[in-house]
Each structure stands twice: as C-alpha cells, then as structure tokens.
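The structure under discussion appears below in the form of structure tokens.
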Amino acid sequence: MSIRTRFAPSPTGYLHIGGVRTALFNWLFARRLGGQFILRIDDTDTERNRSEALQPILDGFRWLGIQWDEGPEVGGPYGPYFQSQRLESYKAAAMKLLEGGHAYPDYMTKEEQDAERKAAEAAKKPYIHRGPHRESSTAECVRLYREKPTTLRFKVPTRRDSIVEDLICGQCVQKTDLIGDPVILRANGSPLYNFASVIDDIAFEITHVVRAREHLANTYTQVLFWEALGAPMPKFGHIPVVNEPAPKPGAKYAPGVKPPNKNKKLSKRDMAKFVTPEIKAQLNAIGWTDEQIAARDDLNPATVAFYRELGYLPEGLINYLGRLGWSLDDKTEFMTVKDMIANFSLERVTDSAASFDPEKLYWLAGEHMKQLPIEQKIVGCVPFLVKAKLVTDPLDAATSTRLHRVVEAMGDRLKLFSDILLYAPPFLKADPDYHPEAVENVLKKPGNAELLREVAKVLSACEPFDTATTEKAVIDFANARGIKPGPLNQPMRVAVTGVSRGPGVFETLAIFGKDEVLRRIELALVQI
RNA sequence: GGCCCUGUCGUCUAGCGGUUAGGACACAGCCCUUUCAAGGCUGCGACACGGGUUCGAUUCCCGUCAGGGUCACCA
C-alpha cells in the first residue's frame, strides 16, 4: 500500500513557519517512501473569503517547492479537498456511529454543561461528561435523534486504555475513563474538527498522520473513532512544536515589549512583537514604508512571506526547517531538498520542542546562495533593484552586463537577494554619491589626494584594464615609491564608488573600465 | 487541579552503559585582507536535581523540580 500523508491548514491568509515545518515533514516522509502528500483545507469554521485567505498559503508552498499531489487546484481522486464540501460525509459517518451504538443524542444545553464543569472544577475533580442517554438502547437513541435532532456525542468505551502507537513518542496510553464523551455533530449537523479530521483521514486513506505534538491528547479520542468505524488505523507521528527564539543575551527591549520566550510556541499573533526596530529598518532598507509594513500583518518573522520578501532562498528555509527537530547525523547541516528526501525518517525526529533561531536560518540561506549559479542570483536580485528604481525590467544589454559583473564581484557577500542593495547601487548610478564619512576618513587623509593623482596616471597606462594588470601596476607603483600597496585600496575604492565598503578594489576598477575610473577619480579630487 | 509529553553548551543537535561528551549557529580572539564578506585556526560554553540498578551512568528505573500540551458544541 502506498504511503499517504497530509497537511490540513485552515485558510488564515498566511503561511506560518511552524505549519510549514509540519507540512515539510509530511512531504519529506511521503517523498522518501514514494507516497503521496495531500493538502486538505480545514475551512468548516471560517467566515472569511476562502480563496483569498487560501492563496497566500498555496503561494507559500509553491515558492518553497513543496508540491502537493492532491488538494486545491490540483484535484485528485479522493476530492473534494475542502472540508466545507464534505459535510455530508461527516453526517453519514456520525449516523453510522449512532446506528452502530457508538453515539447518542445529548439534549443537555451548553449552560447546563458549563454548570457541571464548574462544579467539578470547584470540587477539584476532572470533568468527564457522560450524557443521560448514554445508556439508552441503540434503537432508542436512533428514535430520539430522528424525532428531535440534537447534539450527537460519541460513546467513549469505559474501563480500558486508549493506546496511541506513535512513531516519535512511542506508545502513549490514556485511560478512557478520563476521556469525556466528545460531541461529534452539533445540533445543526456541522461536525467538530476532531471528528471531521478522522473521517477525512479515513476517506483519503491516510496512512501516516504526522502533526504537531499538541494534537497528541486529541488522538486518544480519535483512535476510538477509528475503532468504532472499523477503519484501518493509520500510524501516528506527533512532532514537537516550534518555539519562539531564545532572547539574545544582553538584548534590550522597549518598555512594554515582552522579550521572546523560548518555551512558548511560535505563534503569528505573538510574533508581531518581533517586528522590532531592527526588523523594520531591514524592511525599510529594501523599500518598504512603515505604512506598507503595518498594512501587511503577515510581514513578521513567524511567516514564510517575511523571508520571501527579504530575498531568502527557499532552499535555505527548507534546509533550516528540516534541521529543526530532525537531524541526519552528528554533523550534517547543509542539505539540499534531495538530500533530505533521500534520508528523512520519523525515527530521527527529536523528542523535545525546538526554538526557532533566525540567525542560523540566515547562515543557511547564505550557504545555499553560495551554491546558486550566477544567472539565477541575478534573476533573484532584479526585483529588489527594480523596486529601488535602480534598474528597469527587462534590463538593457549594458545594465545586464554590468549587473552580471557586480554580482560576480560580490561573491559570497550576497546571502539574501536583497543584499544586492548593499553593494550594487554605486555601480548602477551615473555618478558616485560621496559618503561624507568616507570622504572625511579616507579621501581627506593627508597625502591621499596626491597619491590618487599618481595612481590615476599609473592606471591610465594600464592595458588591458583588467584585475591582474591594474593590481600589478599599483603594486609596482607602491614598490617604486617605497610604500605599502595596501593603503592605496581605500582611497581608490572611495574615489570610484563614493563608499568605503565594496567588493575587491581591482574588481571594482575593472567593472567601471579605464575611462570611467579616471573620470571618477577626477570627481573625487574635487571633493577634497 | 487531573491526565499526557519533554528536559545535553545561549540556540539547533550527536550520543542509545565505559567518549578528553562530538558537530553547527551565535559570541570572543588570532591569521588572511588596511573595506565588507568568505575562508583558516583558537577559545568560551552543556548532560536540571536527588535517589537507586550496575564494577561503571548523560544513557536504564524511581522521585523532585522546571517547561509544554490537553481537559470545548475552536481548528
């Protein structure tokens, strides 16, 4: 039998990092074993415009390269894949349980039940709900329900254990006497999540239910559904949750802002607090205004959209999330999706919750960027340059050549696509913007003006005007003058680019070409 | 509160009775480079605590403590 896993998001309008990790494990597991990964949409309780709220989730998965074999937009033989379109099947299953003596109508109102619950709490006793008709005959229950439909409850068997065989947690046991009879159908006929989920898993022939640890407690109830329905039990894997980052030692937080808590589950709502001044500055630097940031409530470090907007490589995010709670061995950190698919196993998923570390994610994103062919780096960078109005898309031939050389010269300095804005602007503007600090600290240093004039002469004699030739010429010049060549680098860099940071200085000169370099040195001399 | 789950450097993790407790991120220093990255080297830094079992416990058992989850007509 083929392996079938699933991920069941609610259409919330954003794709949460923790959810992606769960989906990723499901996907990797299915791919590893040659099975199918299904996307099911849990939309029974949503008032919102579903397609609008669903789209960001599908976009996110597509961007990450997590393809679903069945589900929205791709369909599949077990459809529909929206719970809102499967309501009849839940009712039918509930009727089957009713007629099989596994369910009973419960006319107790919510208020009455709340009162019982409170009384139990006051008595410091667990509240285990058992409805009055629990002991009525099956025929009587069916008759009552037909006559006067109401809330339908599952009859939890007594005096035994509910056992969950979990691939990650091992065998987990709960006494059924501690499980209250759960509502499976509301009076209006709509199902509850815990029940609908099982009916779908049966209908979709899910073989492995891999989901967050917080569902483990639900599972004791759910396995009873599977039993009562006589359906084959899937295997379970309850993966530990993803927690908030640990606060940086010595980090300061604005008054009223709670620091992150590494013991707390990473949630989108709470993560809004991590749109710190630093994060905001990061977004500002790539062209987002404060108003735009405020308008995009999914633009925070708990969502996939955030990393996409900042130009993270999806491969880096996949690698990071895959390593969060799972490891291949004692040293492997860098992995391609292929590596992960070839090696993933639930046995090697950790037992304990892991806290999300944005810095390690950043590092891994950079490691993956190193591997990316230059043409693809350029493709990824262009949107950021367009947004910054430094280029227009499509690029003209001259800009395209220039950009290629800039990205090449940047080398490993490019970790995120948005990093292009840290280095490329001086190369794409007609004239250098001389940074006052650079002018002050470098150009105006005594003697540098004279040196620049001499270097200009040396450079003007270079033929061809490439990295090796200019470098040799400058070193020869320094040797002839009896000075060290190193100190000439910064004056040259600032003269030509206006800033004191950039790729190697001789690469920089080569990108501009002789005439432009000489012209820019003249401009620089005027600054002094 | 009941029940369930979890506890190795700040963080992610390796370990599955005998290891100088390994790797990675971060941090610090040095080298390279008078930029910034990358790279190389070095350092800092952990088995929550207390009992057992054992010749020997990070590892197995029990307890304590701590954290989390769940006890819904939410998903």
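Since we're looking at a predicted model, the values are computed, not measured. Just so it is clear: chains get the letters A, B, ... in the order the sequence lines come, proteins before strands, and each one is counted from 1.
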First encountered from the 5' end of RNA chain B, between A:Pro503 and A:Cys172: A:Cys172
Verify whether the ring centers belonging to A:His368 and A:Phe334 lie closer than 6.0 Å. yes
What does B:C60 pair with, Watson-Crick or G-U, if both distances are under 3.5 Å? B:G52
Of the listed nucleotides (B:A75, B:C12, B:C5), which one gets closest to any side-chain atom of A:Glu333? B:C12
Between A:Arg153 and A:His133, a side-chain donor and acceptor under 3.5 Å: no
Presence of A:Arg117 side-chain N/O under 4.0 Å of B:G2 phosphate oxygens OP1/OP2: no
Using heavy-atom distances to pick each residue's nearest nucleotide on RNA chain B, tell me which of A:Asp114 and A:Met410 is more 5'. A:Met410
Whole-Å distance, A:Lys265 NZ to B:C5 C1', equals 15 Å
Separation of A:Phe356 atom CZ from B:U11 atom C1', in whole Å? 12 Å
Would you call A:Asp181 and A:Lys155 a salt bridge, taking side-chain N to carboxylate O under 4.0 Å as the test? no
Is there a Watson-Crick or G-U wobble partner for B:G7 with both distances under 3.5 Å, and which nucleotide is it? B:C65
A:Arg153 side chain near B:C73 phosphate (N/O to OP1/OP2, under 4.0 Å): yes
Below 4.0 angstrom from OP1 or OP2 of B:U34, is there any side-chain N or O of A:Lys484? no
Taking only side-chain N and O atoms of A:Lys415, does any of them lie within less than 4.0 angstrom of OP1 or OP2 on B:A38? yes
Checking base pairs now: Watson-Crick or wobble, both atom distances under 3.5 Å. What partners B:A28? B:U42
When we call it a touch if two heavy atoms are under 4.0 Å apart, what does A:Lys370 touch: a base, just sugar-phosphate, or nothing? sugar-phosphate
Closest approach to the side chain of A:Pro487, judged atom by atom: which nucleotide of B:U34, B:A75, B:U11 is it? B:U34
Nearest-angstrom distance from the residue atom CD of A:Glu347 to P of B:G15: 13 Å
Rounded to the Å, how far apart are A:Asp357 CG and B:U13 P? 10 Å
For the residue pair A:Trp326 and A:Phe344, categorise the inter-ring angle as parallel (less than 30°), tilted (30 to 60°) or perpendicular (more than 60°). tilted
Less than 4.0 angstrom between a side-chain N/O of A:Arg348 and OP1 or OP2 of B:G15, yes or no? yes
Please determine whether any donor N or O and acceptor N or O are separated by less than 3.5 Å between the side chain of A:Glu214 and the base of B:G68. no
Check whether any side-chain nitrogen or oxygen of A:Ser197 sits under 4.0 Å from OP1 or OP2 of B:A75, and answer yes or no. no
According to a strict under-4.0 Å criterion, is A:Gln113 in side-chain N/O contact with OP1 or OP2 of B:C73? yes
Among B:C12, B:C73, B:A75, the one nearest A:Thr44 by side-chain distance: B:A75
Just to confirm, is there a sub-4.0 Å distance from OP1 or OP2 of B:G68 to any side-chain nitrogen or oxygen of A:Arg213? no
Distance below 4.0 Å between A:Ser355 side-chain N/O and B:C12 OP1 or OP2: yes
Which nucleotide sits closest to the side chain of A:Trp363: B:C25, B:A14, B:A72? B:C25
From CG of A:Leu324 over to P of B:A14, roughly how many Å is that when rounded to an integer? 12 Å
For B:C73, does either OP1 or OP2 sit under 4.0 Å from a side-chain N or O belonging to A:Thr151? no
Once hydrogens and angles are ignored, does a donor-acceptor distance under 3.5 Å link the base of B:A24 to the side chain of A:Lys360? yes
Over 60° means perpendicular and under 30° means parallel, so classify the ring planes of A:Tyr193 and A:His215, tilted if in between. tilted
Within the 4.0 Å heavy-atom criterion, would you say A:Asp330 contacts the bases, only the backbone, or no part of the nucleic acid? base
